[in-house]
Every structure is written in C-alpha cells, then in structure tokens.
Amino acid sequence: MTDLHDVIDRADRLFDECRFEEACNLLRQHVESNEYDILWRLARSLYSLYKELHFQQQKTAADALILEGFQIASKLLTAHPNVSASHKYYAIFFGEKAGIEGTKQQIMALGKVLAQIQTAKQLMHDGGDPFVWHLEGAFYEKLASLQWYEKLFVYALNKDLIRPTYDDALRCLLKAEDIQAQFLSLNEFLIGKVYFQQKHYQRARPYLTKLAQLQIVRTADDQFSKESAKILLEKM
C-alpha cells in the first residue's frame, strides 16, 4: 500500500512546479481514503488546473473540473466540517458551479458563497490563511464594481446581501498581503485595480507596474494579472 505521506510530498512538489494536472491525477488515486490532506490538496489542484484551462478558453474541460471539484469540496466539507479549508473550497466550487448553471443561479448563490468564506475565516488559526482573505476581498471588489443597473438586479435577488465598498475590498486584500506578502499575483493586481478605481493612481502604480514588468509567468493568474495591469497603466 502506498504511503500517503509519500503521496502528499509528491503532490506538493508537483503543485509547486505548477504541474497541476499531474497533481490531480496522483491525488485522484487516493481520494477514497477520505483523508483531509488528500481531499484539500485535490481541491486545490483542481481549482488551479481549472484556472489554466479557463484562461485558455477550454470551456468544456474547465467546466468538467468545476463539477469534479464541487464533488470533492462537498466530500471535504461533509468529512471535515470544522476545518477552514473545507469551507474555503466549498465556497469556491459552489460559486463556480452556480456560474456554469446560469447568471440567475450565480447571483442567487452569492449569499451562500460569502457565508462559506466567512465561516472559513472564523475557523482560521495560526495567523490565518491569506487566500481566504483574498477570496473575501475579490468578492467585495466584484460587487462594488457592478454598474448601478446590475446592482439593482443582484440585490433584488439577494435582499440581505452585504453592499460592500472598495474600502471593504481593500481591507481584505491588504490583510492577505500582511499575512503573506506577494503570495498571489492576482491579489496584488486587485489591490492596484481598487486603487485605480478609487482614482488613487499613485498608490495603484507600484502594484500595476510591478505586474506589468513580471518576468517569470508561471500560472494563468500571473498571465492575467500582467496583461490586465498593462491595460490599466495605459488608462492612467
């Protein structure tokens, strides 16, 4: 029988090398163990692989990963309900799955997605998980960026949903950086984007310039952040 510690070590090495498909294939072989350290790593790898395929516009394959990820996240949450990562990955895949099902379903899922993120925050320990703070900040940024007519539709379907500001988004995104600086290019991009949207261009410029000049592009997030940063810099 394969030692799960060896599997975990191999999976972590593959993930760190951005070999997400290989990490998924390895972890899938051990998913029936219901081991927490297998399930959350598989959820992480599936989401990272999804983002690569989504960026490449391979919609069918990307959507299939979301459905698989939702099954894994549901299993993770059922088996390990008192762990932050279980709620984090359920929030991610529940929201993405709703997006596949249609705009109305995606909007109606917002309250549950946020509730799962906030539960993940409540269960954090050892200084916190920067990605959970990133998720909340990205959630707030998306809502704050909606046009007025889009907000009418969103809040008609979610009367109790929070109405965040850009400052709410920035607070979470900066908190993520405080916990672990430069852990995710997308988090740095969103900080620059929020400052840009607030017309605080001098604060936005260092984040966007750094990303626009990024030399090592390893993931879809890196590529997206680099290209998007260049666009915002041109608009200044």
Side-chain angles (χ1 to χ4, degrees), residues 5 8-9 11-18 20 23-24 27 31 34-52 65-66 69-97 109-143 162 164 167-194 207 211 218-222 224-225:
H5 292 294
I8 289 167
D9 286 344
D12 285 346
R13 286 197 300 271
L14 290 170
F15 186 87
D16 289 343
E17 294 168 5
C18 300
F20 304 129
C24 287
L27 292 165
V31 72
N34 250 16
E35 286 284 339
Y36 168 74
D37 284 325
I38 294 291
L39 292 176
W40 79 257
R41 282 175 169 83
L42 179 53
R44 177 183 66 171
S45 298
L46 287 168
Y47 185 55
S48 296
L49 181 57
Y50 156 74
K51 296 191 88 173
E52 300 294 309
L65 288 172
I66 289 301
F70 180 70
Q71 291 181 336
I72 297 301
S74 299
K75 187 173 186 175
L76 178 62
L77 185 60
T78 298
H80 308 280
N82 297 318
V83 184
S84 177
S86 300
H87 296 271
K88 173 176 70 175
Y89 288 111
Y90 189 85
I92 289 170
F93 284 107
F94 180 79
E96 296 289 354
K97 177 176 173 289
L110 291 174
K112 186 171 181 178
V113 169
L114 181 58
Q116 292 292 323
I117 293 172
Q118 291 176 335
T119 300
K121 275 178 58 180
Q122 292 167 4
L123 292 171
M124 287 191 305
H125 55 82
D126 296 334
D129 179 347
F131 197 76
V132 173
W133 285 99
H134 164 76
L135 287 176
E136 185 174 18
F139 186 96
Y140 290 160
E141 189 277 330
K142 184 172 287 189
L143 284 180
I162 190 173
D167 284 338
D168 293 322
L170 199 56
R171 170 178 53 81
C172 297
L173 298 168
L174 291 173
K175 176 66 175 179
E177 289 296 317
D178 285 343
I179 295 172
Q180 185 178 341
Q182 303 176 19
F183 76 102
L184 184 69
S185 57
L186 185 58
N187 196 69
E188 293 181 273
F189 170 69
L190 287 179
I191 292 172
K193 181 183 178 185
V194 170
Y207 289 96
L211 292 168
R218 302 176 69 234
T219 66
D221 279 343
D222 292 343
F224 171 82
S225 298

**Message:** Set out, in order, the CA-CA distance, both residues' side-chain angles and the distance that settles side chain to side chain contact (heavy atoms under 4.5 Å, CB included) for K75 and L39, then state yes or no.
**Reply:** CA-CA 8 Å; K75 187 173 186 175; L39 292 176; 4.2 Å; yes

**Request:** Let me see the working for W40 and S86 under side chain to side chain contact (heavy atoms under 4.5 Å, CB included), right down to the final yes or no.
**Result:** CA-CA 7 Å; W40 79 257; S86 300; over 6 Å; no

**Request:** Run the numbers on V83 and L123 for side chain to side chain contact (heavy atoms under 4.5 Å, CB included), then give the verdict.
**Result:** CA-CA 6 Å; V83 184; L123 292 171; 5.9 Å; no

**Asked** Run the side chain to side chain contact (heavy atoms under 4.5 Å, CB included) check on L110 and F139 step by step: do they pass?
**Response** CA-CA 9 Å; L110 291 174; F139 186 96; 3.9 Å; yes

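Listed by chain and number, the residues in a salt bridge (Lys or Arg N to Asp or Glu O under 4.0 Å) with E141 are K193 (sequence neighbours excluded). Qualifying side chain to side chain donor-acceptor pair (under 3.5 Å) partners for D12, counting only residues two or more places apart in sequence or in other chains: R41, R44. Here E188 pairs with K210 under the salt bridge (Lys or Arg N to Asp or Glu O under 4.0 Å) rule; sequence neighbours left out.
Taking both residues in full, the closest heavy atoms of A169 and G137 are given as CB-O, 3.5 Å, listed atom of the first, atom of the second, then distance. The minimum heavy-atom distance linking P130 with I179 is given by the pair CD-CG2, 3.8 Å. Of all heavy-atom pairs spanning S84 and V132, the tightest one is OG-CG2, 4.2 Å. L27 and S45 make their closest contact through CD1-OG, 4.0 Å (heavy atoms, listed as atom of the first residue, atom of the second, distance). Contact detail for L211 and S225: the closest heavy-atom pair is CB-O, 4.1 Å.
Atom-to-atom distance recorded for F93:CZ and L46:CG is 5.5 Å, nearest 0.5 angstrom. The CG atom of L186 lies 10.5 Å from the CD1 atom of I191; values are rounded to the nearest 0.5 Å. Distance CD/Q116 to OH/Y90: 6.5 Å, rounded to 0.5 Å. The CG atom of L49 sits 11.5 Å away from atom SG of C18, with the distance rounded to the nearest 0.5 Å. Once rounded to the nearest 0.5 Å, the distance linking OH of Y140 with CZ of R171 reads 6.0 Å. Note that OH of Y89 and OG of S74 are 15.0 Å apart. Values are rounded to the nearest 0.5 Å.
Each of K88, K175, K121 was compared with D129 under the salt bridge (Lys or Arg N to Asp or Glu O under 4.0 Å) criterion, and only K88 meets it.
In this structure the side chain of V113 reaches within 4.5 angstrom of the side chain of F94, judged on heavy atoms. A 4.5 Å side-chain heavy-atom check between N187 and E177 finds at least one atom pair inside the cut-off. Using a 4.5 Å cut-off on side-chain heavy atoms (C-beta onward), Y47 and E96 make contact. Annotation: side chain of E52 is in contact with side chain of F20 (closest heavy-atom distance under 4.5 Å).
Checked by atom type and distance alone, the side chain of H87 never pairs as donor or acceptor with a backbone atom of L77 at under 3.5 Å.
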